[in-house]
2 protein chains.
Amino acid sequence: MSAIRLLVLGAVRQRGRAHGYQVRNDLEHWGAHEWSNTKPGSIYHALKQMAKQGLLVAREVAPSTVGGPPRTEYEITDRGTQEFLALLREALVSHDEKMDALSAGIGFIVHLPREEAVALLKKRVERLEEWRRSVTDYYAPEGGPGQFGHIGEIMHLWVHSADAGAEWTRGLIDRIENGAYVFEGEERVHASTPAPPVSSLES
Amino acid sequence: MSAIRLLVLGAVRQRGRAHGYQVRNDLEHWGAHEWSNTKPGSIYHALKQMAKQGLLVAREVAPSTVGGPPRTEYEITDRGTQEFLALLREALVSHDEKMDALSAGIGFIVHLPREEAVALLKKRVERLEEWRRSVTDYYAPEGGPGQFGHIGEIMHLWVHSADAGAEWTRGLIDRIENGAYVFEGEERVHASTPAPPVSSLES
DNA sequence: TCTCTTCTATTCAACTTTGACTAGTGTATC
DNA sequence: GATACACTAGTCAAAGTTGAATAGAAGAGA
């Protein structure tokens, strides 16, 4: 999974209706161009591809209000919303996704109900622990450590990053369980912190 | 930078002369197919591409000894070796590379002199600290934290992973400076320990 | 001996990603 | 009043990636 579909679907969904340039600007505004592959080409390609697959519908629109080339606007379909949620869940649980997918997932996490967010993050921790086990099992066979020479350092790195990832995830679970942020279907009732809603993402 | 060029160049270099299937098997044997994009298609594409660019030379060879289709063997050129070393250095210092590039870099780190390896890893630590600073600067503007709502969690994640990465790198620097492993131009003279001291996996 | 799987070795079409390019309009500069 | 620059909006060719397909020979069991 790459992060771009999740990001583009999420951007279109928040706008209700958007053309490529708006999506591009939104993503840039979120800083996404610094940590993910959100080049113009990728965005326009994703839009076209997802329209072809029925996740978006294209509405042809006359030349831009302020002049410039004509543009195509898109809206998300029901299937697109399903896909968005599926990608979001996947991004949150799977450890092998790169940082870009996870970052995007966190960005959209409040679009899920609080309980589900917590459940997914707990699953993430499980997956990380499982992965850690599989690495250490492979790393410490008969013959003791040191079998692998400097290659052992790679496994060391993986274990280290699995631990760090699990620790961060546990911290996030705690904060969410203690009422931080405003999730889907809530209206600030949980907010023990004066954290703003998604509005910091928009505009 | 993707890891595949580094891996393929490294594989060909170690063999002296190799065809695609050998490279594929070597990488699989190293476990690279589990943590990087080393599908057959990618490997053959990389070989052809790098041959076209003069990093490898192709030698046409008659059908395989044991039957099966004919195959093409490759050797690395001087420019290819330069490129290999450049990619290796890049993989070791830059923090934004994904884990696959770093893992490959660690796999080949002993192809550099010990002093250079240490210097590159120290540079890596610097880069990580720099990145951490840039994230926290952006994260803690006027108005205090909480400005970003749940988006702050993304920065939190980055800081956490920068710290974990720096910690692991410092550990590796220590081990290398204390004589672990055998590097380019050495012949086990540095080995103060018989086995590499990669002890504290159960951190 | 016939078939089924495995091993050797590579190719291919489809899809994704990248970086550069196009093109019109407003706005500031000299 | 010309020139440069920035903004809006998107296209395109080239490169990279994926998963499946191809195809001959060898070994293993019925």
Side-chain angles (χ1 to χ4, degrees), chain A residues 1-9 11-12 15 17-29 32-53 55 58-74 87 96 98 100-101, chain B residues 1-9 11-12 15 17-29 32-53 55 58-74 87 96 98 100-101:
Chain A
M1 190 193 106
S2 70
I4 190 139
R5 282 178 166 238
L6 178 55
L7 286 165
V8 170
L9 279 175
V12 172
R15 286 246 176 208
R17 171 188 274 234
H19 55 84
Y21 193 65
Q22 281 177 328
V23 171
R24 178 188 175 179
N25 275 0
D26 284 359
L27 295 186
E28 195 156 343
H29 188 251
H33 61 297
E34 296 205 340
W35 46 268
S36 67
N37 54 337
T38 40
K39 320 278 184 293
S42 303
I43 293 168
Y44 287 102
H45 173 75
L47 284 169
K48 278 182 189 163
Q49 213 53 23
M50 293 196 294
K52 208 163 93 181
Q53 291 166 18
L55 307 178
R59 316 242 183 241
E60 290 298 332
V61 163
S64 146
T65 42
V66 297
R71 52 199 198 187
T72 309
E73 295 196 328
Y74 295 90
L87 289 173
D96 59 290
K98 315 300 179 213
D100 59 350
Chain B
M1 193 193 102
S2 71
I4 189 139
R5 282 177 165 240
L6 177 56
L7 285 165
V8 170
L9 279 175
V12 172
R15 285 247 177 206
R17 172 188 272 236
H19 53 85
Y21 193 64
Q22 282 177 327
V23 170
R24 178 189 175 178
N25 274 1
D26 285 0
L27 294 186
E28 194 156 343
H29 188 251
H33 60 296
E34 296 205 338
W35 46 268
S36 66
N37 55 335
T38 41
K39 320 277 184 294
S42 303
I43 293 169
Y44 285 100
H45 174 75
L47 284 168
K48 278 182 188 162
Q49 211 56 23
M50 293 196 292
K52 208 163 92 182
Q53 291 166 16
L55 307 177
R59 315 241 183 241
E60 290 298 332
V61 163
S64 148
T65 43
V66 296
R71 51 199 198 188
T72 309
E73 295 196 328
Y74 296 89
L87 288 173
D96 58 290
K98 316 302 180 209
D100 60 349

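Here is how names work: the chains are called A, B, and so on, in the same order as the sequence lines, proteins then strands, and each is numbered from 1.
Of the options B/Q22, B/R17, B/R59, a side-chain hydrogen bond (donor to acceptor under 3.5 Å, both in side chains) to B/E73 is made by B/R17 and by none of the others.
Considering only side-chain N and O atoms, A/H45 lies nowhere under 4.0 angstrom from the phosphate OP1 or OP2 of C/dT17. An OP1 or OP2 oxygen of C/dC15 is reached within less than 4.0 angstrom by no side-chain nitrogen or oxygen of A/Q49. For the OP1/OP2 pair of D/dT8 and a distance below 4.0 Å, the side-chain nitrogens and oxygens of A/R24 include no atom meeting the criterion. Between B/S2 and D/dT17 there is a side-chain N or O to OP1 or OP2 distance below 4.0 Å.
In this entry the distance linking CE of A/M1 with P of D/dT18 reads 15 Å, nearest Å. Here the P atom of nucleotide D/dA14 and the CD atom of B/Q53 are 14 Å apart, to the nearest Å. When rounded to the nearest whole Å, the span between OH of B/Y74 and P of C/dA9 equals 14 Å. Atom CG of A/N25 is separated from atom P of D/dT8 by 6 Å (rounded to the nearest Å). Rounded to whole angstrom, the span from the CZ atom of B/R71 across to the C1' atom of C/dT11 amounts to 17 Å. We find that CD1 of A/I4 is positioned 16 Å from P of D/dT17, with the value rounded to whole Å. With rounding to whole Å, B/L27 atom CG is found 14 Å from C/dT10 atom P. When rounded to the nearest whole Å, the span between CD of B/E28 and C1' of C/dC7 equals 12 Å.
The two residues B/A11 and B/L27 make their nearest non-hydrogen contact at CB-CD2, 4.5 Å. Of all the heavy atoms in A/I43 and A/R24, the pair that sits closest is CD1-CA, 3.7 Å. Between A/Y74 and A/V12, the shortest heavy-atom contact is O-CG1, 3.7 Å. A pairwise comparison of heavy atoms in B/R5 and B/L55 identifies NH1-CD1, 3.8 Å as the closest pair. Smallest separation of non-hydrogen atoms from B/L47 and B/G20: CD1-CA, 3.6 Å. Taking all atoms of both residues into account, the shortest heavy-atom contact from B/S42 to B/I4 is CB-CD1, 3.3 Å.
The stretch residues 35-44 of chain B touches DNA chain D through B/N37, B/K39, B/G41, B/S42, each having a heavy atom under 4.0 angstrom from the strand.
Counting any heavy atom pair closer than 4.0 Å across all strands shown, B/K48 reaches sugar-phosphate atoms only and no base atom.
Ranking C/dT16, C/dC7, D/dG16 by closeness to the B/Y21 side chain, first place goes to C/dC7.
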